[in-house]
Amino acid sequence: MLTGIKEKPEIVYLGGEAEVRIYRDFVTKTRKKKGYRIAVLDKILRRTRTRSEAKIMSAARRAGIPTPLILDVERETIVMERIEGEPLKKIMSTELSRLLGIYVAKLHQAGIIHGDITPMNLIYSDGKIYFIDFGLAFYDARTEPRGVDIHIYFESLKAYFENWRELKESFISGYRGFDKAEEVLKRAEEIDKRGRYVEKRMT
Amino acid sequence: MISLGIEGTAWSLSVGVVSGEEVILLENKPYVPKEGGIHPREAAQHHSENIGKLIGRTLSRINPEDIDVIAFSQGPGMGPCLRIVATAARVLSLKLKKPLVGVNHCLAHLEVGRWKTGARKPVTLYVSGGNSQIIARRGERYRVFGETLDIGIGNALDKLARYMGLKHPGGPKIEALAREGERYYELPYTVKGMDFSFSGIVTAAQKLLDEGVRKEDVAFSFQETTFAMLTEVSERAMAYLEADELLLVGGVGANRRLQEMLDTMCRERDAKFYCPPSSLMGDNGAMIAYLGLLMYRNGHSTKIEESTVKPDFRVEDVDVNWD
């Protein structure tokens with residue numbers, strides 16, 4: 001499929017890790033070679049991340065989380081359906097944060113950790129929030145990674161929105177649909193404190 | 001305007017004097033553990049035995065009357081060490097009748113870095129023994145965008161070095177060994193969003209040593225893995241914040257390989273990479289003096305009764321009203 005792409009992309013976005021090319025009907029995501037890391041590590045990271053991203057994205061979709069359909073995977077590139085909509089970062093609201101909480105609960109229920117839940121990685125379209133980036137996702141059903149997953153989202157809220165407290169609360173109200181929610185939320189609070197400077201770290 | 005600053009949050013004990021233009025004096029008397037890692041009480045003992053001499057030496061080289069403000073690192077750091085520094089600063093402030101400013105140690109690294117490199121709105125990677133953070137300014141506050149979920153990178157390097165039988169500080173010794181490394185052994189690569197962790201990698205590297213892998217190769221694999229993680233997260237923060245400057249600060253920032261990787265990353269995305277001179281990279285009194293000066297100029301000062309130490313002082317807690 002890749003070699004057959006003749007049209008020009010409408011948008012090219014260079015993220016931290018991958019180059020995303022947005023065509024009329026589909027999107028390609030290619031993990032770029034990073035000159036700063038040694039070739040062997042670079043290859044390991046790009047290949048394994050691409051393969052695992054495609055696999056987990058499909059699994060998430062099967063678990064009822066809105067994601068783009070994967071059309072093809074070739075070496076360091078995933079070709080997926082184009083989702084047209086607004087980045088969550090632009091239109092964030094308490095309602096949307098709550099809806100996100102419901103989806104993340106489903107994701108965790110399915111044993112998936114997203115690894116990078118931020119308003120930049122999510123697209124709102126047709127009443128749904130699409131998870132378009134599973135670049136750092138992995139399988140894990142323990143409380144700790146679930147807590148970290150949520151902690152990452154809370155931190156990104158703090159970084160981006162003045163009303164982050166409200167947004168956090170609405171997320172929590174959505175996430176509570178998950179039977180392990182209390183445990184995970186408690187852990188997220190602990191992680192928040194743990195991330196703080198503690199004296200014993202230096203000994 | 002002239003500021004005298006005292007640093008002593010952990011192993012470093014240092015007094016610096018700066019004007020708005022330059023570092024005038026920097027006197028250091030670091031604590032070196034006899035064996036193992038830093039022992040907070042021993043470090044505090046060292047600080048209390050040496051702080052008087054260090055201040056005396058500094059004051060003999062300048063006219064004490066010229067000093068406008070006394071700054072000290074109020075935290076974060078080891079409680080016993082912080083208390084020695086705070087006490088010395090209070091005494092000096094009362095004796096010289098000069099205002100006191102308690103400063104955040106992490107912010108001092110960052111601001112002295114900006115001062116000395118000319119970086120304007122950088123994403124900052126702050127790497128030291130106890131801290132590893134990605135910091136950037138949002139309005140009137142600095143925010144931590146990513147940080148270690150367990151130990152600092154410097155601490156991780158020290159642990160690995162100790163396991164190899166090398167003395168504190170381990171970072172430079174691991175760096176030297178890594179230069180002789182040839183083969184890469186895969187280690188856990190633990191980045192979670194913008195956060196990262198190191199203790200699992202230390203354990204895995206120790207296991208390689210147990211299996212008889214050459215020290216050089218372990219050091220090499222360890223640096224390549226952990227520094228790639230730090231570089232990756234720095235890049236993600238830059239992409240996220242649409243920043244085109246990266247500033248490296250903190251003791252581990254002296255590592256050439258880390259500098260090289262960050263520089264390459266910045267070049268690949270048309271960004272600028274900055275790091276201050278190595279004398280100001282590790283913990284030092286000049287950075288405390290500089291931030292004290294900056295804060296005093298912008299209306300901050302610390303009353304004696306508000307000068308209690310803050311071992312958990314977060315960079316986000318500082319009200320930043322300067323450019």
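Heavy-atom basis, side chains included; hydrogens, waters and symmetry copies ignored. Throughout, a chain's letter reflects where its sequence line sits, starting with A, and its residues are numbered from 1. If you're wondering where the values come from, they're calculated on a predicted model, not measured in any experiment.
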Heavy-atom distance under 4.5 Å to chain A: side chain of [X], backbone, both or neither?
X: Arg141(B); value: neither
X: Phe220(B); value: side chain
X: Leu241(B); value: both
X: Glu260(B); value: neither

*Note, Arg236(B) side chain near Leu136(A) side chain (heavy atom, < 4.5 Å)*: yes

Just how far is it from atom [atom1] of [X] to atom [atom2] of [Y], taken to the nearest 0.5 Å?
X: Thr225(B); Y: Ile44(A); atom1: OG1; atom2: CD1; result: 8.5 Å
X: Gln223(B); Y: Ile38(A); atom1: CD; atom2: CD1; result: 11.0 Å
X: Arg138(B); Y: Phe161(A); atom1: CZ; atom2: CZ; result: 9.5 Å
X: Thr118(A); Y: Phe145(B); atom1: OG1; atom2: CZ; result: 11.5 Å
X: Cys266(B); Y: Tyr36(A); atom1: SG; atom2: OH; result: 11.0 Å
X: Glu224(B); Y: Leu41(A); atom1: CD; atom2: CG; result: 7.5 Å

Tell me if the [atom1] atom of [X] is crowded by more than 12 foreign heavy atoms within 6.0 Å.
X: Asp126(A); atom1: CG; answer: no
X: Arg183(B); atom1: CZ; answer: no
X: Arg267(B); atom1: CZ; answer: no
X: Lys128(A); atom1: NZ; answer: no

*Interchain contact, Ile117(A) with chain B, by part (heavy-atom threshold 4.5 Å)*: neither

*Contact origin within Tyr153(A) toward chain B - heavy atom pairs under 4.5 Å*: neither

*Salt-bridge test for Glu235(B) and Arg37(A): reply yes if a basic N is under 4.0 Å from a carboxylate O, no otherwise.*
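Result for this pair is no, no salt bridge flagged.
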
*What are the two closest heavy atoms between Val40(A) and Tyr184(B), and how far apart are they?*
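Result for this residue pair: CG1-CB, 3.9 Å.
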
*Taking it one step at a time, do Lys32(A) and Glu268(B) satisfy salt bridge (Lys or Arg N to Asp or Glu O under 4.0 Å)?*
CA-CA 11 Å; Lys32(A) 290 281 159 193; Glu268(B) 283 182 357; over 6 Å; no

